[in-house]
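Here is the structure we will look at.
FYI, side chains are in, hydrogens and waters are out, and symmetry mates aren't considered; it's all heavy atoms of this structure. Order of the sequence lines fixes the chain letters, A, B, ..., with proteins taken first and strands second; residue numbering starts at 1 for each chain.
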Amino acid sequence: MRKVSEAKEERLVTQITPKSEDFSRWYIDLIRRAELADYAPMKGMMVIRPYGYAIWENIQKLLDRRIKATGHVNAYFPVFIPESFLRKEMEHLKGFAPEVAWVTHGGDDELEERLAVRPTSEAIIGFMYAKWIKSWRDLPVLINQWANVVRWEKVTRPFLRTTEFLWQEGHTAHETYEQAQEETLLILNMYKEFVENELAIPVIHGRKTEREKFAGALATYAIEGLMSDGKALQMGTSHNLGQHFAQVFNIRFEDRNQNLQYVWQTSWGVSTRLIGALVMAHGDDSGLVFPPQVAPIQVIIVPISIGNWKDTVLPVALKIKESLDKAGLRVFLDDRTEYTPGWKFAEWELRGVPLRLEIGPRDVKNNQVVAVRRETREKLIINQDNLEEKIKELLALVQKTMFEKALAFQQANTREAENYEEFKSIIEEKRGFIRAFWCGAEECEARIKEETMATIRVIPMDEEGGVNGRCVYCQKEAHTRAIFARSY
RNA sequence: CGGGGAGUGGCGCAGCCUGGUUAGCGCGCCUGCCUUGGGAGCAGGAGGUCGUCGGUUCAAAUCCGAUCUCCCCGACCA
């Protein structure tokens, strides 16, 4: 493998708004131009197009494997939830009421009772668990569902916040608080590992404050990623629900000592928002950059069409495609005659394909291919012998490099704030994560949000208690350090 | 949900203020020739009830009202 060219800095794609010029516009342009999604004719709703949906399928495949490996099984619950079920749990309902879509009619007949289109499934699942769980021998119940949910949001953006979205929601029931807590953290760590290793996005994991936690939960934990505009994005949550829903839905079991007890529950989820995170964390002015593990197409082969290329170059390109296919890689051979090679280079860069192989007459003659890495634009010449293994290694390297790049960005944009002046100037001028002491008072948290638009994203796992300092806002004694940021 | 901006062939825009033949331009698309190692060239061609509904007028893309959708900035959230 020989490097023939350094990373190119020039901007080779001009059909999207530059990222530096207008991040929001860049994001929207890119999603539509790369055909990840398109607007549907109803407010806040979108169509996930095949190229975008392929990413979701890859996410599902990689995460589902992990969910099952930890003993969970998949099931499916109804999309409608009777209003009375939601009303049973006022704290929960209050949290979701403004964004619930209601079904009032079946055909022309008005329903006796309105049905909520699920904003999340705790209520219906709680009802069913009450029927299924009788004994400690029935526990734990470890169920996950892949589903769509609807939340009538006021402000929407493709993938980040849409009226309907796809997600997985895990709902478990346990004998003890400790087991529920262990499950909550197991999943939190699974999410972190998944997002970092497969999506190549470093995240900070930690606990949400009371203000920010899920309605009805004892505690909410989350992973937070930093997007390349310096804003934070919540990328997954894991809740310890305690016995709250168990009491409301009367989910009881006879324990090992023959006492009747309420179960301890958890719920957790990640959504199609992760696709938005991929765009915002890795994309550049030339377009998308997908990590190989979830890229719809991992390798794009562009034959260089010169002279009688169909007789000389194309058969070799086809042979290489087949061998990479056989090696289990997602490969596409772009043999379209109506586009020039240069056009194809730009197009597939915009679509974020992590690795491009160019094969021209010179390469055929020399038994080689030219490989170009999307994330560095580095150009390499690779001998065709044992190509599958070399490509696999290269893709692994791309994956690793993408994570390291994102991690370096996150670290460079995580700053300590000793006092409020510092805090404000960082938020105004640099954004990113701010690590600062917090006294624990909701008052301080609220004031900071009001004055700077920054919220506590999480209290990192290792920063809760056991540290000593002074609250960045009120200067009172603090034993907690929190991560603040402006967020999506 | 408040404040601001915008909807005109697939995409990006001009035209609107000051109503008046056939609504233009660039890119894309189609056909042909020629090309193809970083978004080629030439020639010909197709494609638009001007977001939608209503009003004013002899006449509406243009003026008025309503409505839908999108974008940006603020209050709520995977």
Side-chain angles (χ1 to χ4, degrees), chain A residues 4-5 8 10-17 22-25 27-29 32-33 35 38-46 94-100 119-120 147-169 191 208 211-215 220 222-224 233-239 267-277 286-287 302-310 313 335-350 356 358-364 369-370 372 377 379 381 449-450 453 455 486-488:
Chain A
V4 292
S5 146
K8 289 187 183 175
E10 48 189 314
R11 188 155 173 271
L12 300 166
V13 173
T14 51
Q15 296 196 344
I16 49 174
T17 305
D22 184 341
F23 193 86
S24 298
R25 186 75 190 274
Y27 177 80
I28 302 286
D29 280 358
R32 301 187 72 191
R33 177 63 183 79
E35 297 181 355
D38 200 1
Y39 288 109
M42 305 81 77
K43 179 174 165 51
M45 306 197 89
M46 65 168 182
K94 268 186 220 149
F96 280 100
E99 49 193 55
V100 171
T120 178
N148 60 330
V149 285
V150 168
R151 296 183 188 174
W152 220 261
E153 300 284 355
K154 287 165 182 171
V155 179
T156 57
R157 305 184 87 190
F159 292 112
L160 300 180
R161 183 170 299 109
T162 47
T163 302
E164 179 188 14
F165 58 92
L166 306 181
W167 75 348
Q168 59 67 217
E169 49 179 326
Y191 283 161
K208 287 276 175 186
R211 232 179 113 86
E212 304 273 335
K213 79 176 185 188
F214 179 71
T220 289
I223 51 171
E224 291 277 333
L233 183 73
Q234 184 176 129
M235 296 176 66
T237 49
S238 183
H239 316 288
S267 70
W268 29 274
V270 299
S271 73
T272 37
R273 174 182 271 188
L274 293 179
I275 298 171
S286 295
V302 179
I304 304 304
S305 37
I306 301 176
N308 59 341
W309 67 281
K310 282 190 177 174
V313 172
D335 59 359
R336 291 177 292 180
T337 53
E338 61 268 35
Y339 296 109
T340 62
W343 189 91
K344 292 175 185 175
F345 296 166
E347 182 66 14
W348 293 110
E349 279 172 10
L350 185 141
R356 175 174 77 240
E358 304 173 10
I359 303 166
R362 277 203 305 268
D363 307 308
V364 170
V369 297
V370 174
V372 183
R377 291 248 169 69
K379 201 176 256 196
I381 290 179
K449 180 176 181 180
E450 210 170 291
M453 285 163 61
T455 51
R486 286 188 186 164
S487 70
Y488 279 97

Only pairs under 3.5 Å count here: list side-chain donor-acceptor contacts from residues 149-159 of chain A, not counting sequence neighbours, and write none if there are none.
from	atom 1	to	atom 2	distance (Å)
Arg151(A)	NE	Pro119(A)	O	2.7
Arg151(A)	NH2	Pro119(A)	O	2.7
Arg157(A)	NH2	Ser24(A)	OG	3.0

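Ring stacking is absent between Tyr339(A) and G39(B), as the pair misses the limits of under 5.5 Å between centres and under 30 degrees between planes.
With P as the reference atom, C58(B) and C73(B) are 46 Å apart, rounded to whole Å. For the P atom pair drawn from G19(B) and U31(B), the interatomic distance equals 45 Å after rounding to whole Å. C64(B) sits 23 Å from G3(B) when the C1' atoms are compared, rounded to a whole Å.
Of the candidates U69(B), G37(B), A78(B), U69(B) carries the atom nearest the Lys43(A) side chain, counting heavy atoms from C-beta on. Among the nucleotides U69(B), G37(B), G38(B), the one closest to any side-chain atom of Pro341(A) is G37(B). Distance from the side chain of Arg33(A) is smallest to G39(B) among C77(B), G38(B), G39(B). Taking only side-chain atoms of Lys379(A), from C-beta outward, the nucleotide of G39(B), C77(B), G38(B) with the closest atom is G38(B). Nearest nucleotide to the side chain of Ser305(A), out of U36(B), A78(B), G37(B): U36(B).
Judged by atom type and distance alone, Arg32(A) does not reach the base of G10(B) through any side-chain donor-acceptor pair under 3.5 Å.
Within the nucleic acid shown, Thr162(A) comes within 4.0 Å of at least one base atom, counting heavy atoms only. At a threshold of 4.0 angstrom between heavy atoms, the contacts of Glu358(A) include nucleobase atoms, whether or not backbone atoms are also involved. Nucleic acid contact for Gly276(A): none, since no nucleic acid atom lies under 4.0 Å from a heavy atom of the residue. Base contact: Gly360(A) has a heavy atom under 4.0 Å from a base atom.
Figure legend: cation-pi geometry between Arg356(A) and Phe345(A), with NZ or CZ positioned under 6.0 Å from the six-membered ring centre and within 45° of its axis.
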*Could you write nucleotides 40-49 of chain B as a row of B, S and -, 5' to 3', where a protein heavy atom under 4.0 Å of any base atom gives B, of only sugar-phosphate atoms gives S, and otherwise -?*
B---------
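Not counting sequence neighbours, the partners of Phe214(A) by the ring-ring contact (aromatic ring centres under 6.0 Å, His included) test are His92(A), Phe96(A), His239(A). A search for side chain to side chain donor-acceptor pair (under 3.5 Å) contacts involving Asp363(A) returns Gln368(A), not counting sequence neighbours.
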Polar atoms only, N or O, under 3.5 Å: list the protein pairs with nucleotides 71-76 of chain B and their distances.
from	atom 1	to	atom 2	distance (Å)
C71(B)	OP1	Tyr39(A)	OH	2.4
C72(B)	OP1	Ser24(A)	OG	3.1
C72(B)	OP1	Arg157(A)	NH2	3.1

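Base pairing in RNA chain B yields stems of at least 3 consecutive Watson-Crick or G-U pairs, both distances under 3.5 Å, namely B:1-7 with B:68-74, B:10-13 with B:24-27, B:29-33 with B:41-45, B:51-55 with B:63-67.
Comparing Thr337(A) and Arg273(A) along RNA chain B, the residue whose closest nucleotide (by nearest heavy atom) sits nearer the 5' end is Thr337(A). A residue-by-residue look at Gly44(A) and Leu160(A) shows that Gly44(A) has its nearest nucleotide of RNA chain B further toward the 5' end.
A donor-acceptor pair under 3.5 Å is formed between the side chain of Tyr191(A) and the backbone N or O of Gly269(A).
Checked for salt-bridge contact, Asp29(A) and Arg33(A) miss the test: no charged N lies under 4.0 Å from a carboxylate O.
Between the side chains of Ser286(A) and Arg377(A), at least one donor N or O lies within less than 3.5 Å of an accepting N or O.
Ring orientation note: the planes of Trp343(A) and Tyr339(A) are close to parallel, at an angle under 30° on the 30°/60° scale.
The shortest side-chain heavy-atom distance between Arg32(A) and Tyr39(A) falls under the 4.5 Å cut-off.
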